[in-house]
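The analysis underlying the following values was restricted to heavy atoms, covering all of them including side chains, and did not include hydrogens, waters or symmetry mates.
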Amino acid sequence: MMKAEGNIPMIMSQLKKGDSYAQIEGIIQSAVSGMADGQKQATMEELQHALDELNPLDCNSMEWNACRYALMYIRTQMAEAV
């Protein structure tokens, strides 16, 4: 099981390689699986911040699309958790 805390760059790299929305969701879910709710929330916030700060010039169009979807998915998950 992958622990996300401190591994945001690795998660971001995996997200950029996601070739389907289901795969992107799976990467995020596996990154936070097994974490306590507080830790999961903190990791999701850290990942959301990293995705918000991502420069589109650092990505090709497929990577950018994957990261934008990941950001929307994270925001949806965080809204549902409230």
Side-chain angles (χ1 to χ4, degrees):
M1 175 184 334
M2 178 177 60
K3 292 294 180 199
E5 199 167 277
N7 290 326
I8 297 300
M10 183 178 64
I11 298 168
M12 293 286 291
S13 175
Q14 290 177 346
L15 288 173
K16 285 182 177 182
K17 295 175 187 171
D19 58 6
S20 71
Y21 292 154
Q23 186 177 22
I24 292 165
E25 291 174 14
I27 291 166
I28 294 167
Q29 290 169 356
S30 70
V32 298
S33 68
M35 291 182 176
D37 286 341
Q39 185 182 15
K40 186 182 291 189
Q41 181 74 17
T43 300
M44 294 285 268
E45 288 172 3
E46 190 176 342
L47 189 54
Q48 179 181 354
H49 178 72
L51 288 164
D52 277 333
E53 296 296 313
L54 188 64
N55 185 339
L57 299 177
D58 294 336
C59 306
N60 65 37
S61 62
M62 296 291 287
E63 293 170 340
W64 181 250
N65 183 48
C67 289
R68 291 293 95 188
Y69 179 77
L71 183 58
M72 290 187 295
Y73 178 75
I74 288 170
R75 288 180 176 158
T76 301
Q77 294 300 304
M78 291 175 67
E80 289 174 2
V82 172

Going by the rule side chain to side chain donor-acceptor pair (under 3.5 Å), which residues pair with Gln29 if we only count those two or more places apart in sequence or in a different chain? Tyr73
Output all residues satisfying side chain to side chain donor-acceptor pair (under 3.5 Å) with Gln23, sequence neighbours left out; order by chain, then residue number. none
Give the table of side-chain donor-acceptor pairs shorter than 3.5 Å for residues 55-66, with sequence neighbours excluded, one pair per line with atom names and distance.
unit_1, atom_1, unit_2, atom_2, d
Asn55, OD1, Leu57, N, 2.9
Asn60, OD1, Met62, N, 2.9
Asn60, OD1, Glu63, N, 2.8
Glu63, OE1, Asn60, N, 3.0

Where do Leu54 and Lys16 land on the side-chain contact (heavy atoms from CB on, under 4.5 Å) test, with the steps shown first? CA-CA 11 Å; Leu54 188 64; Lys16 285 182 177 182; 4.1 Å; yes
Which distance, rounded to the nearest 0.5 Å, do you find between the [atom1] of [X] and the [atom2] of [Y]?
X     : Y     : atom1 : atom2 : answer
Leu51 : Met12 : CG    : CE    : 4.5 Å
Lys17 : Ile24 : NZ    : CD1   : 13.5 Å
Glu25 : Ser20 : CD    : OG    : 8.5 Å
Gln77 : Met44 : CD    : CE    : 5.5 Å

Partners meeting salt bridge (Lys or Arg N to Asp or Glu O under 4.0 Å) with Arg75 (sequence neighbours left out): Asp52
So, does Thr76 use its side chain to make a donor-acceptor pair with the main chain of Met72 at under 3.5 Å? yes
Show me the pairs that pass ring pair (Phe, Tyr, Trp, His ring centres under 6.0 Å) and involve residues 27-48, at least two apart or across chains. none
Could you tell me if the side chain of Leu47 sits less than 4.5 Å from the side chain of Leu15, heavy atoms only? yes
Who are the ring-ring contact (aromatic ring centres under 6.0 Å, His included) partners of Tyr69, not counting sequence neighbours? Tyr21
